[in-house]
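Below: the structure, in structure tokens.
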There are 2 protein chains.
Amino acid sequence: MSAKEKLLYAASRLFEEKGYSGTTTAAVAAMAGVAEVTLFRHFKNKETLFRETVKQIQGSVILEISDREGDPDLRDGLCHFAKTLCRYFMEQNRTIRMMLFESIRNPELKDLLKEGPMRSVTRLEFFFSYHISQGRLPSVDPRIYADSLISLVFGYTIGLVSLKEKQDINSELEYLEDIITTAFLPELKH
Amino acid sequence: MSAKEKLLYAASRLFEEKGYSGTTTAAVAAMAGVAEVTLFRHFKNKETLFRETVKQIQGSVILEISDREGDPDLRDGLCHFAKTLCRYFMEQNRTIRMMLFESIRNPELKDLLKEGPMRSVTRLEFFFSYHISQGRLPSVDPRIYADSLISLVFGYTIGLVSLKEKQDINSELEYLEDIITTAFLPELKH
DNA sequence: TATGTAAGTAAGTAGTTACTAACATATCGG
DNA sequence: CCGATATGTTAGTAACTACTTACTTACATA
């Protein structure tokens, strides 16, 4: 692993935990096991390091949720989608929370934040428009369904990790399934 | 206004915008218009100032959402609740995002975060159990309904303010109403 | 053998940061 | 009016912070 890679890896862990101003260049270099001056040879300044770090964090996001797009069972597809998204938000929750905060002062981070969730909105829209075309849902703008499911899962997961002491992932996923079949599109239940 | 009050007010604005490590005691004192040493006479250290600030921020939260608890119209009550909550999350979004981030390193902040949203969960539970008792909803645990509505509104609002460039509050509230009547409990629609 | 490249070491700069000490002044209740 | 309490002023400290400079080492390639 090159020095630059080591620095980016260390930086991602530190920025994620301590945010921009809580992270020092000395700490990043130390965690990467390289000299601090090497950091400044690869990155013009701390700000540049932060930006490049954020880019590669978000670049590593792979959402493997598309494999149910043509699922014949709407309810199953929905639950699968929700659970996958929930797991993703859980894994990335610290990065997300950090970026949610840093984007207050650095609005261009919004674009990077969008890349993750927004891509899933498009995916979900396809999913819903397919099921609408099959007559399984009333023919309204599929974006409404997509937005609401993503909002629901996002809110549920971030609330979960931010408020609860300890989480048992499996029981949380089960509860999420309950929520979806009971309150979200309950007409699906039977 | 006493020096202490001025300090707490300035601190709340700065911590909310820049977080803990982005805020300096000098800046707080300057914004409050008092000498920095006065800050340390009222608060043992920066950490204490932060904690007391956070306490009073959350202490000022008044949720006036209870006035529809016995509403005969489930759909109207729900929309009213959701909109009120949405407005609250919008107003408080920077504080919420800051605390969501700071609670990564300072887990005791979770308790303070809970006070706001959690109180509304209880309120909502009453609302739903009333309508369940009236036979307007299937008799499941009302907490499921409460959790999902709060998750939905929370996720929607935080997503909104964090991703969108400019928000027109009224059209966002309308869209939220669409979401609720279309995707959340759609059986209410008629 | 010569040269370029990536990394290290060591030292330092200029500014910031949380926090303290000592002393002076203002304000206010009794 | 007195005395206590609150606040200001000034100065300082020790550590930290982002970033720079000058020079060195190791290795690969021409």
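Both backbone and side-chain heavy atoms feed into the values below; hydrogens, waters and symmetry mates do not. In the text below, chain A, chain B and the rest are named by the order of the sequence lines, each starting its count at 1.
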Task: DNA chain D-proximal residues of residues 33-50 of chain B, any heavy atom under 4.0 Å - done: B:Gly33, B:Val34, B:Ala35, B:Val37, B:Thr38, B:Arg41, B:His42

Task: Side-chain (B:Tyr156) to main-chain (B:Tyr175) donor-acceptor, under 3.5 angstrom - done: no

Task: Heavy-atom side-chain contact between B:Leu39 and B:Val34 under 4.5 Å - done: no

TODO: Classify the nucleic acid contact of B:Ser21 as base, sugar-phosphate or nothing, counting any heavy atom under 4.0 Å across all strands shown.
DONE: nothing

Open item on the list: If the test is ring pair (Phe, Tyr, Trp, His ring centres under 6.0 Å), which one of A:Phe81, A:Phe128, A:Phe127 qualifies with A:Tyr145?
Closed with: A:Phe128

- [ ] Walk me through it: do A:Thr53 and A:Ser12 pass the test side-chain hydrogen bond (donor to acceptor under 3.5 Å, both in side chains)?
- [x] CA-CA 6 Å; A:Thr53 303; A:Ser12 71; over 6 Å; no

Open item on the list: Roughly what angle, to 10°, lies between the helix axis at the start of the helix from C:dT1-D:dA30 to C:dG30-D:dC1 and the one at its end, five pairs per end?
Closed with: 20°

TODO: Please name all residues satisfying ring-ring contact (aromatic ring centres under 6.0 Å, His included) with A:Phe40, sequence neighbours left out, ordered by chain then number.
DONE: none

- [ ] Answer whether the closest heavy-atom distance between the side chains of A:Arg51 and A:Asn106 falls below 4.5 Å.
- [x] yes

Open item on the list: If the test is side-chain hydrogen bond (donor to acceptor under 3.5 Å, both in side chains), which one of B:Glu102, B:Glu47, B:Arg105 qualifies with B:Tyr20?
Closed with: B:Glu47

TODO: Report the distance from atom CG of A:Leu137 to atom CD1 of A:Ile144, rounding to the nearest 0.5 Å.
DONE: 12.0 Å

